[in-house]
Amino acid sequence: MSILVDSDTRLLVQGITGREGTFHAGQMIEYGTQVVAGVTPGRGGGSVHGVPVFDTVSEAARESSANASIIYVPARFAPDAVLEAADAGIPLIICITENIPVNEMIKVRAHVKSKCARLIGPNCPGLITPGEAKVGIMPGYIHKRGRVGLVSRSGTLTYEVVWALTEAGLGQTSAVGIGGDPINGTSFIDVLELFEADDETEGIVLLGEIGGSDEEEAAAYIAEHVSKPVSAFIAGRTAPPGKRMGHAGAIISGGAGTAESKIEALEAAGVAVADRPAAVADLMAKQLA
Amino acid sequence: MSILVDSDTRLLVQGITGREGTFHAGQMIEYGTQVVAGVTPGRGGGSVHGVPVFDTVSEAARESSANASIIYVPARFAPDAVLEAADAGIPLIICITENIPVNEMIKVRAHVKSKCARLIGPNCPGLITPGEAKVGIMPGYIHKRGRVGLVSRSGTLTYEVVWALTEAGLGQTSAVGIGGDPINGTSFIDVLELFEADDETEGIVLLGEIGGSDEEEAAAYIAEHVSKPVSAFIAGRTAPPGKRMGHAGAIISGGAGTAESKIEALEAAGVAVADRPAAVADLMAKQLA
Amino acid sequence: MNIHEYQAAELMAQQGIPTNAGVVATTAAAAGNAFDQLAGASGLVAVKAQVHTGGRGKAGGIKLARSSVETSEAASAILGMDISGHTVGKVLVAPGVDIAREYYLGVILDRAARGLTIMASAEGGVEIEEVARVSPEKIVRVTADPLLGLLDYQIREVAFGLKIEPQLMSGFSNILRALYDTFVANGASLAEINPLILTSDDHWLALDSKMTIDDNVLPYRPDLEELRDLDIENATELRAKANGISFVKLDGNIGCVVNGAGLAMATMDAIKLFGGEPANFLDVGGGATADQVALALELVLEDDAVEAILVNIFGGITRADLVAEGFVEARERVEVDVPVVIRLVGTNQAEGREILANAGISTVESMAEAAQAAVAAASGH
Amino acid sequence: MNIHEYQAAELMAQQGIPTNAGVVATTAAAAGNAFDQLAGASGLVAVKAQVHTGGRGKAGGIKLARSSVETSEAASAILGMDISGHTVGKVLVAPGVDIAREYYLGVILDRAARGLTIMASAEGGVEIEEVARVSPEKIVRVTADPLLGLLDYQIREVAFGLKIEPQLMSGFSNILRALYDTFVANGASLAEINPLILTSDDHWLALDSKMTIDDNVLPYRPDLEELRDLDIENATELRAKANGISFVKLDGNIGCVVNGAGLAMATMDAIKLFGGEPANFLDVGGGATADQVALALELVLEDDAVEAILVNIFGGITRADLVAEGFVEARERVEVDVPVVIRLVGTNQAEGREILANAGISTVESMAEAAQAAVAAASGH
């Protein structure tokens, strides 16, 4: 088992004719993901890597029976792209695009929920079930099918830990990047719930960072609902307050959202918190030993 | 049994200090309805007919455990009143107010649905379960608890038929006025579904009028899903096209929405259609004999 | 409320839609004088009847003219013309244009979809109902989200559905967005452009515009209320509306005073069923006062064709005693010179009937009885 | 992006909020000259430091003055002052007002509620975080509907929660509505009035305004981008931002060039963990080009305190070969006079390492190894 994506995932790529869209569609196909359709308005009738391109998501979904969509369109058009996918009945939408205005995301998030679709991101690296489907921009070869579920607010930090898990021989069931924006479609809790219910996942790794209170909420959830061992790393112990650390969501404001607060909450919930990314794998290995 | 309201209904009255609100709150209490709270912003702390008045619906709902709300506020403030009730978690909202702009109702309807609340109206007389609860502006004494469920787009036309059912000894399980506006919260189909599932209801009376296609949709639903006998009356055989007959929704436009079309659809679905209101009771009596 | 073509075009132009602006004239001379400023390179103008009904083209309400004299003659022919019962009081003189393609583009209040639906067709210039009947597959429909409104991808769906070429997409999209905005900004229940044309030099132009405003929006929008053409509306209907009464003039001889729209229609139907003809639809509205009932009787009596009056009141929010008081008061104010049949039941019916009895007025019990009595009274008159 | 008090007040005034408009001065003389036009009946002005940080009152950044000379002296004292690391370059001179009551009113991006939350308190004039800590029950919170926005009943809930008297409700409601509109119209993530005062003659006035604009809105809103105070922002940070690089200056001696915000923070943390001090946060961003990596090195080297550089790249959307090319190119363009530790893994890592090896540059494998090596290099320098 795994969560969210697997070999039955039929993926649609919105923005497939763009530079990033074309590159990553190729990478995903190479990894073995079933990329069944692409969408770029005005480019319908063409094809990219042999994948048919359509003008609209509704047409693409109808013709291809896609059950997931990944979005590579520029920030200005990305909210509309998410809404188009949700309205076309796509149940799983992954938005890679960064720099989407947060007030737009509040509306988009509410609409996607009302359609009972799941949005991952925006500003995220996507998700992967090693050996079955790579739906995102992560380098596929660092992953290895295994025992640990991973959820992260960061991109490259995820790769770092994925690699350490692979090296440690633990591997991953699925790895999900939920994105670094203040308002996103899927929270730590949403993914923790899925991993807790997934038979194959034996332990869970959570990678957080400064800003907001998602990690604190996750800690409360873990204490209450998660029976599997959890290890974590929180980036930003050295970050100064009031400064946005790259991600729109990574900012300590008014004394809230510090790494210390998050680490304390997680440890209180029984989570093993590492002092550097690679050490998460060591902690997890011990927890699963 | 009955539908939607009964002796357990705990009713809140929005606009209770207004002329209509005060009058009808008194009438409902006299009928035996449990009126547990009223709301008029700025009049919190007072009381009407011994019912405590609050400034906000959330406070009123919290203090009174109301499970239904009826709205008598002017058109300008009514959409906000419906939203306030829905957001306060009131599961059944009855909006008596007429003349609400239809574009506002499109939004209000969608929001109420998203909160999983049920809106009856606007521009409706409300609903009644004889002997248990009167939640509306209908004259209570014409009703008699009995065997027939009634649903109607009209107000006074409903009383006419209710009276005929009472006279015929059939009585009513519940009588629901869904309102005469083009966009309303509850459709014929919604109420038909409830009556079909209600053990006490033996037959159903549907009162329609010109405009829209609600009756045609109801006919299709009846043919497919309703096993109980249905009789109907459609007002407006003599109405000329292009003229709004009082109700915002009662207009024949572009040749659609005629009484003939509705009668034809209902008869094709096995519904007995009467040529005048009181005759509906005679038809129902025959169907139930 | 329906508004005229030229008024709809102005509201659309405010939102940035390119419209074929012209001059409104109420006399043939004024129309003729407009020719020179409008004809331009085409040397042509269209003279179009401004009426609140369709089919004016077939009825001869649109004429082309190539000179000031022709324009004046065309206007002369159209002004005063009767189109489906509507008398033409104004014409719009607009520049002639070079049409390459015609589209239909409309935003409608879609009751079945519980929202606003965009309808579009590459078969412009004919009535959309006709297209819907003959070739429904030629109509592209998209319903705007009730909470988010019309989304960009939906505009693209319409454009792709009409096979608009890439270089024309942006112009078309702007017009559809602006048409939707015009609808919402003015509380419309219909806003359509038919035809929306593409000129031979690839410019978009709204050649004919039509809008209906939701009556319930008018109390908040005096600017829209001002668009009402008082010259062509029925004076009795306007007076009724101003007093919260719904009144529609019909062709029969039995006047109706009823509370509730559904019951008012059912009363008309009953009159017809028993062999009579209703003279009007009249709903005194919820919570009718004595004054309003008195006024209702006055309104009905303004119609000389009325030979009997049927008052049918089933009290709910309207209390029967108030209706009775109103009736008694009206009899003192207005000379009621035709037989009146009164049926009064519902809330406070005993008090109401007592008031009438004290004034020497008797009532009947059922609606069928009342309708039959009214038909008999009208025939006997 | 933070904007100044006077700028926030202008945006709020555009939506109809009554603000205490004054004059912005960059010199003591200009401040003194403003006294006469502003003092009015109160004979009093406030001179307020315009800085992007809180606590300016306690720091002496707000002074009252009763004459032109006093105003000039106050401005002289405040201009150039350092408040929590921010140098004051501008003061706002504003009329003195007669305060009867002080409220706090704010709209914030509420991450936990996934929406915009109105926060209000009758304890105005103090920091809302302080009120939240000491007496959270004194804060009224309402979260606007994500799709419908702030509803009228929610405004009433706030007003009733603050026990605003009936005769003051309408003024208060208008201000809250306008504050919400200011937030939405300008893509804010924070908009607050603190204090919102009631004068002794019952007028509402926004005495101090604060706003933060969502950086992601700025590309679409050049008018808001113009509000940026270039005088007080770090030049290196601005240059980085203009090139799509996230850069934050810190106080250590080990420069960082990393891809990805989380990894960049983790890299800083690792440096600290192994006994060093990071000189900066730097994220080259997704899809970094050779030019960008070269620029990143330049930015880091602008800081004289830097004694070693750690390049940490884990390729995903960023290809390792491009990073390697960028590094080689940068070495040709920029004089790199400090030791550099490079760690390069991920997409196209083999190609990337080959490019570096061909240029005579070696790489380390793990992040811990890289951090330790950088710390050692900086210490040995």
Side-chain angles (χ1 to χ4, degrees), chain B residues 19-20 24 27 75-76 96 98-103 106-107 109-111 114 125 136-139 142 152-160 163 180 182-183 207 209-214 217 233 235-240 242-250 254-256 259 275-278, chain C residues 52-53 109 111-112 114-116 127-129 132 145-147 183-184 187-190 214-217 219-220 246 248 250 252 258-266 268-273 277-278 281-283 285-287 312-318 345-349 366-368 371:
Chain B
R19 194 169 57 91
E20 297 299 336
H24 287 293
Q27 296 278 310
R76 183 183 280 252
I96 304 299
E98 61 183 332
N99 295 326
I100 299 176
V102 68
N103 289 335
I106 291 173
K107 286 191 252 183
R109 181 182 195 279
H111 185 77
S114 79
I137 59 175
M138 63 289 289
I142 61 172
S152 170
R153 268 171 73 187
S154 168
T156 43
L157 183 56
T158 309
Y159 314 157
E160 189 74 38
W163 184 237
I183 303 285
L207 303 179
E209 60 187 29
I210 54 162
S213 56
D214 230 31
E217 288 156 30
F233 173 76
R237 292 184 206 224
T238 47
K243 285 286 190 177
R244 166 178 163 169
M245 304 308 273
H247 286 166
D275 58 6
R276 58 202 162 86
Chain C
H52 294 166
T53 184
L109 169 66
R111 294 167 64 159
R114 270 84 180 170
L116 306 183
E127 289 201 11
I128 193 70
E129 289 89 356
D145 185 83
L147 296 170
F183 186 105
V184 171
S189 51
L190 172 78
D214 177 0
D215 289 338
N216 292 342
V217 166
Y220 317 113
S246 292
V248 177
L250 299 171
V258 191
N259 72 318
L263 191 63
M265 279 188 278
M268 285 156 46
D269 296 351
I271 288 168
K272 180 92 174 178
L273 184 69
E277 288 289 340
F281 165 92
L282 190 155
D283 170 13
N312 186 12
I313 303 290
F314 208 117
I317 205 165
T318 304
V345 285
T347 307
N348 295 6
Q349 68 175 26
S366 84
M367 191 168 146

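Proteins get letters first, then strands, A, B, ... in listed order; numbering begins at 1 in each. All of these numbers come straight from a predicted model, not from anything done at the bench.
Crowding of C:E127 atom CD: a count of heavy atoms from other residues, nucleotides or ligands under 6.0 Å not exceeding 12.
Distance alone, capped at 3.5 Å, places no donor-acceptor pair between the B:Y159 side chain and the C:V345 backbone. Judged by distance alone, the side chain of B:T156 and the main-chain N or O of C:N259 form a donor-acceptor pair under 3.5 Å. No donor-acceptor pair closer than 3.5 Å links the side chain of B:R76 to the backbone N or O of C:P219. A donor-acceptor pair under 3.5 Å is absent between the side-chain atoms of B:N103 and the main chain of C:G187, judged by distance alone.
Interface remark: C:A188 contributes backbone atoms only to the contact with chain B (heavy atom separation under 4.5 Å). With a 4.5 Å cut-off on non-hydrogen atoms, B:I100 touches chain C through its backbone but not through its side chain. For B:P125, no part lies under 4.5 angstrom from a heavy atom of chain C. Heavy atoms closer than 4.5 Å to chain B are found nowhere in C:A270, neither backbone nor side chain. Residue contact with chain C, scored on non-hydrogen atoms closer than 4.5 Å, involves the backbone and the side chain of B:A75 alike. Residue C:D214 touches chain B through its side chain alone, counting heavy-atom pairs closer than 4.5 Å. Neither the backbone nor the side chain of C:I271 comes within less than 4.5 Å of any heavy atom of chain B. Residue contact with chain C, scored on non-hydrogen atoms closer than 4.5 Å, involves the side chain of B:R153 exclusively. Within the 4.5 angstrom heavy-atom criterion, atoms from both the backbone and the side chain of B:E160 approach chain C. Both the backbone and the side chain of C:A266 come within less than 4.5 Å of a heavy atom in chain B. For a residue to count as touching a neighbouring chain, one of its non-hydrogen atoms must lie under 4.5 Å from one of that chain's; by this rule B:K243 touches chain C with the side chain only.
Counting heavy-atom pairs closer than 4.5 Å to chain B, the top-ranked of the candidates C:L282, C:D215, C:D145 is C:D215. With respect to chain B, the highest number of heavy-atom pairs below 4.5 Å among C:G346, C:A368, C:S246 belongs to C:G346. In terms of heavy-atom pairs under 4.5 Å with chain C, the best-connected choice from B:E217, B:M245, B:E209 is B:M245. Per-residue heavy-atom pair counts under 4.5 Å with chain B were compared for C:A261, C:S366, C:P278, C:G115, and the maximum is reached by C:A261. Put simply, of C:V248, C:N348, C:V258, the one with the most heavy-atom pairs under 4.5 Å next to chain B is C:V248.
Note that CG of B:L157 is 6.0 Å distant from CG of C:L263, once rounded to the nearest 0.5 Å.
With sequence neighbours excluded, no residue satisfies side chain to side chain donor-acceptor pair (under 3.5 Å) with B:R109. Residues forming a side chain to side chain donor-acceptor pair (under 3.5 Å) with B:Q27 (at least two apart in sequence, or on another chain): none.
Looking at C:D269 and B:T238, their side chains do bring a donor and an acceptor atom within 3.5 Å of each other.
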Going through the checks in order, is the side chain to side chain contact (heavy atoms under 4.5 Å, CB included) test met by C:M265 and B:R237? CA-CA 8 Å; C:M265 279 188 278; B:R237 292 184 206 224; over 6 Å; no

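Between B:R244 and C:D283, no side-chain nitrogen of the basic residue sits less than 4.0 Å from a carboxylate oxygen of the acidic one, so the salt-bridge criterion is not met.
Between B:P240 and C:F281, every side-chain heavy-atom pair lies at or beyond the 4.5 Å cut-off.
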